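One structure is given below, encoded as structure tokens.
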Amino acid sequence: MKSLPPDYAQGLFGKNFYGPAEVEQAFGTSAGPVPHVPFDQSTLRSAAESGLLLILRQPALGGSPFVLERAIASHEDLFDARFLRQVGYQLKDEWGILLEPVAKTETPRPGWALVSRSTLPATRNRSYHEQTKILENWGKPWNCSGLEVGRRLAAEIVYDCILVFRSRGERLLEREWDWSATATVDGGYVNVGGFGPKGMQIFSYSAAVRHSWLGVCPQIRGCLEGE
């Protein structure tokens with residue numbers, strides 16, 4: 001697939017473009033080397049018309065990996081502290097994202113991603129595996145172009161929320177939760193949302209849980225991410 005320069009993509013996406021300047025504004029450090037955008041013109045036009053966000057992600061910023069533990073420490077005001085440690089949930093009496101090993105290890109996958117601003121309505125109030133089937137059907141037109149459609153990692157959801165808020169002042173997932181691809185040690189999956197004035201809330205649910213504001217924000221990635 002032919003890649004395109006970021007300036008071209010920025011012209012299509014306008015305020016839905018989050019490139020190196022927005023990364024620097026949000027995180028206070030250079031975005032580092034900026035790769036070309038791994039989507040062709042037709043894909044970018046369709047994505048821009050659909051209202052998707054185009055986001056540049058880096059797995060490390062300022063010389064340190066972008067992991068959840070560091071993000072929470074560096075942007076403390078953007079997280080709801082009530083749910084970071086020992087809050088418990090239906091499978092465990094004590095649980096918090098800062099108690100999970102993944103909070104110290106998982107980083108965003110590098111490169112550009114197209115991301116839905118909101119969860120797909122059809123994925124809400126569905127179990128994790130039901131959501132996955134809906135997501136697969138939604139992604140078929142994009143898959144035909146050789147693109148990868150799927151869930152975000154928890155670190156990617158948090159990265160995106162911080163980036164958009166710090167650079168544009170917009171709260172993504174203010175009244176809903178995005179169920180990620182990140183598994184916890186007991187087999188649950190991390191979800192992030194409820195990003196109101198008290199900050200992001202991070203939970204883990206077993207795959208059978210469902211509620212009306214728990215869904216999936218699809219993301220589309222190309223084949224030039226350099227993983």
Side-chain angles (χ1 to χ4, degrees), residues 3 6 9-10 17-38 53-87 95-115 148 150-173 177-185 188-195 198-204 217 219-222 224-227:
S3 60
Q10 185 173 15
F17 177 88
Y18 293 87
E22 289 74 24
V23 170
E24 183 170 356
Q25 181 178 351
F27 299 108
T29 186
S30 170
V34 179
H36 272 42
V37 178
L53 310 178
L54 180 59
I55 292 176
L56 173 64
R57 299 200 191 108
Q58 298 289 22
L61 294 167
S64 299
F66 184 93
V67 295
L68 292 177
E69 185 179 67
R70 180 187 173 216
I72 292 166
S74 301
H75 303 272
E76 187 177 3
D77 59 313
L78 299 187
F79 294 87
D80 193 328
R82 296 174 297 170
F83 305 107
L84 296 177
R85 286 184 181 274
Q86 299 180 339
V87 296
W95 185 89
I97 189 60
L98 291 176
L99 303 178
E100 285 285 335
V102 73
K104 298 178 174 63
T105 59
E106 183 183 84
T107 62
R109 290 165 286 192
W112 295 90
L114 294 164
V115 181
E148 175 191 324
R151 297 176 187 265
R152 291 183 287 181
L153 301 174
E156 293 169 345
I157 302 173
V158 168
Y159 179 106
D160 296 352
C161 286
I162 294 173
L163 173 61
V164 171
F165 183 75
R166 292 291 195 209
S167 63
R168 297 272 197 269
E170 178 185 354
R171 293 181 188 271
L172 299 178
L173 299 173
W177 284 259
D178 184 12
W179 215 349
S180 78
T182 300
T184 55
V185 292
Y189 293 93
V190 177
N191 63 86
V192 181
F195 187 17
K198 292 183 179 179
M200 276 177 266
Q201 299 174 355
I202 303 178
F203 301 117
S204 173
C217 292
Q219 77 167 355
I220 304 165
R221 302 174 69 245
L224 300 176
E225 309 294 353
E227 295 177 27

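What you are looking at is a predicted structure, and each value in this text was computed from that prediction instead of being measured.
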Say you draw a straight line from CG of L54 to CD1 of I220; how long is it, rounded to the nearest 0.5 Å?
10.5 Å
Donor-acceptor list for residues 155-162 side chains, cut-off 3.5 Å, not counting sequence neighbours:
from, atom 1, to, atom 2, distance (Å)
E156, OE1, R109, NH2, 2.9
E156, OE1, L153, N, 2.9
E156, OE1, Q219, NE2, 3.2
E156, OE2, R109, N, 3.0
E156, OE2, R109, NE, 2.8
Y159, OH, L56, O, 2.9
Y159, OH, Q58, N, 3.3
D160, OD1, R57, NE, 2.9
D160, OD2, R57, NH2, 2.8
D160, OD2, R152, NH1, 2.8

Qualifying residues under side-chain contact (heavy atoms from CB on, under 4.5 Å), relative to S167, sequence neighbours excluded:
Y18, E22, Q25, L163
Between CD1 on residue I55 and CZ on residue F17, distance to nearest 0.5 Å
11.0 Å
Taking all heavy atoms of G19 and all of W112, pick out the closest pair and write down the distance.
CA-CH2, 3.8 Å
Residue pair P35 / G111: nearest heavy atoms and the distance that separates them:
CG-CA, 4.5 Å
To the nearest 0.5 Å, what is the distance between CD on E69 and OG1 on T105?
10.0 Å
Side chain proximity check, R70 to L61, heavy atoms < 4.5 angstrom
yes
Quick check for you: to the nearest 0.5 Å, what is the distance between K198 atom NZ and L78 atom CG?
15.5 Å
With rounding to the nearest 0.5 Å, note down the distance linking CG in L173 to CZ in F195.
9.0 Å
Ring-plane angle category for W179 and Y189, please: parallel below 30°, perpendicular beyond 60°, tilted otherwise.
perpendicular
Heavy-atom distance under 4.5 Å between the side chains of Q201 and R82, does that happen here?
yes
Restricting to non-hydrogen atoms, name the atom on C217 and the atom on D178 that form the minimum distance, rounded to 0.1 Å.
N-OD1, 3.0 Å
Indicate yes or no for a side-chain donor-acceptor contact from T107 to the backbone of P65 under 3.5 Å, with no hydrogens or angles considered.
no
Write down the atom of F66, the atom of A71, and the distance for their closest heavy-atom approach.
CZ-CB, 3.6 Å
Please check if the number of heavy atoms outside E170 that lie under 6.0 Å from its CD is greater than 12.
yes
On a heavy-atom basis, which atom in A113 and which in R221 lie closest, and how many Å separate them?
CB-CG, 4.1 Å
To the nearest 0.5 Å, what is the distance between CD1 (I97) and CG (L68)?
5.5 Å
When you look at NZ of K104, are more than 12 heavy atoms from neighbouring residues, nucleotides or ligands closer to it than 6.0 Å?
yes
With the side chain counted from C-beta on, respond yes when T184 and V102 share a heavy-atom pair under 4.5 Å apart, and no when they do not.
no
Please report the closest heavy-atom contact between A154 and V192, naming both atoms and the distance.
O-CG2, 4.5 Å
